[in-house]
Each structure stands twice: as C-alpha cells, then as structure tokens.
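To start, the structure itself, in structure tokens.
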Amino acid sequence: MAISVLLLSYPRSSDASATIRVLSSFQSSSMDKLSVKSARQAGAIGRNALVQGWIRTRRDSKGGFSFLEVNDGSSLGNLQVIAEASLANYESEVKHLSAGSSVSVRGEIRVSGGQGQATELAATEIIVHGVADPEKYPLQKKRHTLEKLREWAHLRPRTNTIGAVMRVRNRICRSIHDFFQEEEFLYVHTPIITASDCEGAGAMFRVSTLDAEKPPRTPQGGVDYAQDFFGRPAYLTVSGQLEGEIYATAMGKIYTFGPTFRAENSNTSRHLAEFWMVEPEVAFADLNDNMDLAERFLQRIVRDVLTDCGEDLEFFRERIDAEVVARLERIVAGAFQRLPYTEAIALLEKCGEKFEYPVKWGVDLQAEHERYLAEKHFGSPVILYDYPSSLKPFYMRVNDDGETVRAMDVLAPGVGEIIGGSQREERLDVLTARMQEQGLSPADYWWYLELREYGTVPHAGFGLGLERMVQFVTGMTNIRDVIPFPRYPGSAEF
RNA sequence: UCCCCUGUAGCUCAGUCGGUAGAGCAGCGGACUGUUAAUCCGCUUGUCGCUGGUUCGAGUCCAGCCGGGGGAGCCA
C-alpha cells in the first residue's frame, strides 16, 4: 500500500525522471553509495561510487572542465568532483551548477591531482535533482553572520558552522547515552506534560484545550480548569527531577534526557524557552558522589568529542574560538576545582577585584563573580557547593549547620552554570518543614513525600543543559546557534 | 523585564554641516591548460525597518513602534 502511494506521487513530482533514474542506479550496479566523509578517505580510492549531496561551489578550469565541491553533511570537508566536458549534460546543466543545487554523482574515487584533499571523484554521470537559483539563493559563497543565518534556520544546516555544531551536538548526545548505559543507569522518560506547578524552576507554559477566547468559568468567576483536558491546570515540564526521583528510589540509578520548557522572558545568549536537559538521579548517593559523577560525565563527553570530532573542532578553533581545543584538553587532563560557597565568598572578598555587585555571605553569586572564579581565578570548571538554604529550593538536603544545603553548581568558563544539582532531602519531617517555609502545600506533593515515608534513601542528582554543553565544547557564544530551531521570546518560526 | 548599541543593494558596510545613494563581496557576461575564498575585465542591483512630525527639502533631526546585537536578572 505504501509503495503504491509512493508510485502515484511520482508523476506529480517536479523532477520525476531524475528520481526514477537514481532508483534504478541503486538496483543495478556494483556501485556503492558513499557518504562524502567516506569518499574523502584514502581507503576509498579505486572504488566506483555514487555520492549524493549539495553543491557548495563550482570552479571552471582553464582546461575545459569543472571542479564541483559536494557536501552531504557527513563531514566538514567537501568532496571534489571532476566534471569533464564529455559529460552528456556538461554544457546544459553542469556548467550552470551553483551553490545549493542537489546532485547525484557516479564515478570513480581516485587520488586527487591537486592540493588540499586526498581523493576526488571523477564523474561519469551527474544527475541534477534541483537547481538553486543563484540570483535568489540566500547562502552565498562567503561568510555570513550567525545573526543572519538565524533568519534562515531552514538553510543554515548547509553551512560549515551549523553543520559542525550539529555533528558535535550529535556526538555529545551519543556520549550521554553511552556514559550512563555503561554505568548501568536506566533511561527513564519523564512526562513532558505535568500538573505539578511550582517545581521551583521558573515560569511554566500552560497546556490547555480550553477556548482561550471564552474559557468556562467557575461560579466565582475564575477559569474553570475542572473542565480542561486533564481536569486541572497543566503545564510543560520545567524539570523531570521529581519524577526522576520516583524511579531512582525504585531502580537505583536513572537518567532522563529530553526537552524542557521555561516561560521566562529571558533574552540572553545562554537561555532558551525550549531546551534539552539531562538529569541523572542516583539512590544511595550523597553530594560527593554527585560531584564525582558530574565530573566523570563531563570528562567523558569532552574526551569523546576530542577523539571523534577532530575536523569540526579544528574548524571551531580556527573560526570561532582559538582557545576551545586547549580548554577541552584541560578538562580531560585534570580534576575540577571544588569549593564550598562560604569559601568562595571569602575568596571573592579578598581577591582585590572590583565587582559591580558587592560580595557578601548569603547573597547569590552574580555572573561577574562566577566568571571571575571559573575564568580568571581557576581557569577551569569550578564546582561550588553548600549554598545558603535561603537561596535554594525546598528539595535540597539541609546540612547539620542548619544554614546551608547540599547544593552544587558546576560553572564552566565562557558559559557559566552548566550543571545545577544537589543531594535531596530524604527526611520526611525536614522536607515537609522546608516546603511550608517556602509557601508550598505538602498536600500537592503527597506522592513526592511518600517516597520519604516508605523506604527513604539518601539520593542525589543534577541537571545538565545540553545546549550549554554544546556551547562549551564548540566555543559558540550564542545558545541560539547550537540548537536546530531555537525558541525564545517572540520567536518560534520554522 | 531593565540598560546600552544598532537597522542603507542578495551579504558586509560607508554615507561629512539636512540638498533624491556609494564601495567590497555575491550574481550575470567574457577571458584564462588542475582549481581550492581561483584570478583578471565588464555589467546589473535600493519601500535607506515602519508610522508620524519638523523643514522649501529628511538616509541624515525629533517621537512612537518593530527587528537585531551586547550586558544584567531568571536559570540549565
């Protein structure tokens, strides 16, 4: 059935003949479909290959033939295609190929006669699937600003920078799963729609099927959410942590990895309204275990990227941030600095640096303070822990001093807070008191409290912002350029 | 949300004291025995963000709005 639908659709496609020709080439020959990445490697020399992708640039030689640079997203480097004038469509199509056009190229991979690449593809056939009118195609053969590329989010993955970012992002995601799976964590899917308000992480997006123009009303005149889809107000999640704790207190070590939503009116290079977060949660673990885990985790990601994304990293070093590779190598080489909040305050008070905001025990650290610690004083990631309880949410475990809680923030040079986490309060009475202190109703969290009532355990976890990790690893300064389709106030196109 | 900067050709920008607009790149045409951001010659390209105001006259001055950037807050 699916096949017949596909066939029916062919005659309506604008380039039906080309599509069918490609299909027949798959069936027929000994020809291998190669990615540009594979075709660029010396091992491919001598193979007959089919390579498919998009033209980056065409150079016509004095000798009456053309060089085509083809990219398919598999690597930063392009495959150089030699298009001889003897090709049937050389004058009619090949000579007019411009950036953005899509092609299938068949031919032999051979040693490149020029500098700059090991291999090239000597074309015996070039099929042009679609041209991109050079008078109109926005991506020119020159550098564009990242701001301009944001306006072309549908075309920007065809650029070197966004392509490299997305390959690194992909590698990071793979490392995240590899790391936790190898450490025997269970991947848990916590809900995206949640009814627990005030999870403590900021403003939430409401999820509702009520008529926004004319919602049903209660006798008192308020909106009657009893008639809404879930029979109560519902929101997009701001964190999977509370649900993660449910699974950690049954299955030991778990992690969540999924989209997270914050309805804050944040307009910065470090915030998104929709972003991806990784949240491990570990039973029978304390804050030290948590810090060890965070450090091992970050080092693993960085090591994998250094190993597997060399070409892309070199691009970032050259074009985006000259220090990026050195910074990553330092991460892998050494332990992170760990510093209690109280000592950090003392250090900042004595450091002689002039801050716009004064430093004092009991106040939250400002961006300038965090930056001083991570960038100037230590020059490496810093883990700050044991924050004043007044600064942190109800679920963090209260220390014996009664004044601080077992919170930790990992501050990365360049991006600031990359991880926030804590040991959780496992004592029912203390937890209940803390909720009341912060004006929350324990009744609303009955299921969260029952985890403490029945077989409570010390446990800890943290959240890593995926995009901030991508920023840190690539050196990209704006978070809107490390996610395919950024969502922020006033912006949800594409 | 607050503070500062900014908006002129497809892109990056210049535009003096208010007198109807300019460069580089890209594109197009041509030249050129393997090029690599190819090179050389020639040509084309405008709602000066929007609305209103001041003025004989506004890209330029004023007000409001919209977009973009940097910083701050909220955080990951």
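Each chain gets a letter, A, B and so on, in the order its sequence line appears, and its residues count up from 1. Any value given below was found using the heavy atoms of this structure, including those in side chains, with hydrogens, waters and symmetry copies removed.
Across all strands shown, A:Gln80 has heavy atoms under 4.0 Å from base atoms, whether or not it also approaches the sugar-phosphate. A:Glu368 comes within 4.0 angstrom of nothing in the nucleic acid, heavy atoms only. Within the nucleic acid shown, A:Phe472 has no heavy atom closer than 4.0 Å to any nucleic acid atom. Within the nucleic acid shown, A:Gly463 comes within 4.0 Å of sugar-phosphate atoms alone, with no base atom in reach, counting heavy atoms only. At a threshold of 4.0 angstrom between heavy atoms, the contacts of A:Ile419 are confined to the sugar-phosphate backbone, with no base atom among them. A:Tyr137 comes within 4.0 angstrom of nothing in the nucleic acid, heavy atoms only. At a threshold of 4.0 angstrom between heavy atoms, the contacts of A:Arg319 with the nucleic acid are absent.
Going from the P atom of B:G19 to that of B:A58 covers 11 Å, rounded to whole Å. Taking atom C1' in both B:U6 and B:C48, one finds a spacing of 14 Å when rounded to whole Å. One C1' atom belongs to B:G34, the other to B:U39, and the distance between them is 14 Å to the nearest Å. Look at the P atom in both B:G67 and B:G49: the space between them is 16 Å, to the nearest Å. Atom C1' of B:U36 sits at a distance of 44 Å from the matching atom of B:C50, rounded to the whole Å. Here the separation of B:G15 from B:A9, taken at their P atoms, is 15 Å to the nearest Å. As rounded to the nearest Å, B:C56 and B:G18 have P atoms that lie 15 Å from one another. B:A37 sits 15 Å from B:U12 when the C1' atoms are compared, rounded to a whole Å.
Going from atom CD1 of A:Ile55 over to atom P of B:A37 covers 17 Å, rounded to whole Å.
A donor-acceptor pair shorter than 3.5 Å cannot be found between the side chains of A:Thr260 and A:Arg262.
Taking the six-membered ring for Trp and thresholds of 30 and 60 degrees, A:Phe180 and A:Phe297 have ring planes inclined between 30 and 60 degrees apart.
We find that the ring of A:Phe67 and the base of B:G34 do not stack by the test of centres under 5.5 angstrom and planes tilted less than 30°.
Checking the phosphate oxygens (OP1, OP2) of B:G69, a side-chain nitrogen or oxygen of A:Arg480 falls inside 4.0 Å. Note on A:Asn478: a side-chain N or O is less than 4.0 Å away from OP1 or OP2 of B:G70. At the phosphate of B:A72, OP1 or OP2 sits under 4.0 Å from a side-chain N or O atom of A:Arg270. The side chain of A:Arg59 contributes an N or O atom lying less than 4.0 Å from OP1 or OP2 of B:A38. Residue A:Arg371 has a polar side-chain atom (N or O) positioned under 4.0 Å from OP1 or OP2 of B:A72. At the phosphate of B:G71, OP1 or OP2 sits under 4.0 Å from a side-chain N or O atom of A:Ser269. For A:Thr145 and B:U12, the shortest distance from a side-chain N or O to OP1 or OP2 is below 4.0 Å. Taking only side-chain nitrogens and oxygens, A:Gln366 comes nearer than 4.0 Å to OP1 or OP2 of B:G73. The phosphate of B:G34 (OP1 or OP2) has a side-chain N or O of A:Ser61 nearer than 4.0 angstrom.
Interface remark: the A:Glu120 side chain does form a donor-acceptor pair with the B:G34 base, using a distance-only criterion of under 3.5 Å. Applying the 3.5 Å distance criterion, the base of B:U1 shares a donor-acceptor pair with the side chain of A:Asn267. Judged by distance alone with a 3.5 Å cut-off, a donor-acceptor contact links the side chain of A:Arg110 to the base of B:G34.
A salt bridge links A:Arg171 with A:Asp304: the closest approach of a Lys/Arg side-chain nitrogen to an acidic carboxylate oxygen falls below 4.0 angstrom. A salt bridge links A:Lys392 and A:Asp409; the closest N-O separation between the charged side-chain nitrogens and carboxylate oxygens is under 4.0 Å. Between A:Arg156 and A:Asp481 there is a salt bridge, since at least one side-chain N of the basic residue sits less than 4.0 Å from a carboxylate O of the acidic one. A salt bridge links A:Glu125 with A:Arg106: the distance from a Lys NZ or Arg NE/NH1/NH2 to an Asp or Glu carboxylate oxygen falls below 4.0 Å.
Other residues, nucleotides and ligands place more than 12 heavy atoms under 6.0 Å from the CZ atom of A:Arg150.
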Under the side chain to side chain contact (heavy atoms under 4.5 Å, CB included) criterion, do A:Gln52 and A:Asp72 qualify, and how do the steps go?
-> CA-CA 7 Å; A:Gln52 301 177 300; A:Asp72 64 358; over 6 Å; no
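Ranking B:G34, B:A76, B:A38 by closeness to the A:Thr57 side chain, first place goes to B:A38. Between B:C11, B:U35, B:G73, one nucleotide has an atom nearer to the side chain of A:Gln140 than all others, and that is B:C11. For A:Arg468, counting side-chain heavy atoms from C-beta on, the closest listed nucleotide (B:G73, B:A72, B:A76) is B:A76. With distances taken from any side-chain atom of A:Glu69 to the nucleotides B:A76, B:U36, B:A72, the minimum falls on B:U36. Here the nucleotide nearest the side chain of A:His144, chosen from B:C75, B:U12, B:C11, is B:C11.
Counting only Watson-Crick and G-U wobble pairs whose two key distances fall under 3.5 Å, RNA chain B forms stems of three or more stacked pairs at B:1-7 with B:66-72, B:10-13 with B:22-25, B:27-31 with B:39-43, B:49-53 with B:61-65.
Scored by the salt bridge (charged side-chain N to carboxylate O under 4.0 Å, His left out) test, A:Glu353 finds A:Lys376 as partners (sequence neighbours excluded).
Side-chain N or O atoms of A:Asn290 include one that pairs as donor or acceptor with a backbone N or O of A:Gly461 at under 3.5 Å.
For B:U45, the glycosidic angle deviates from 0 by more than 90°, giving an anti base.
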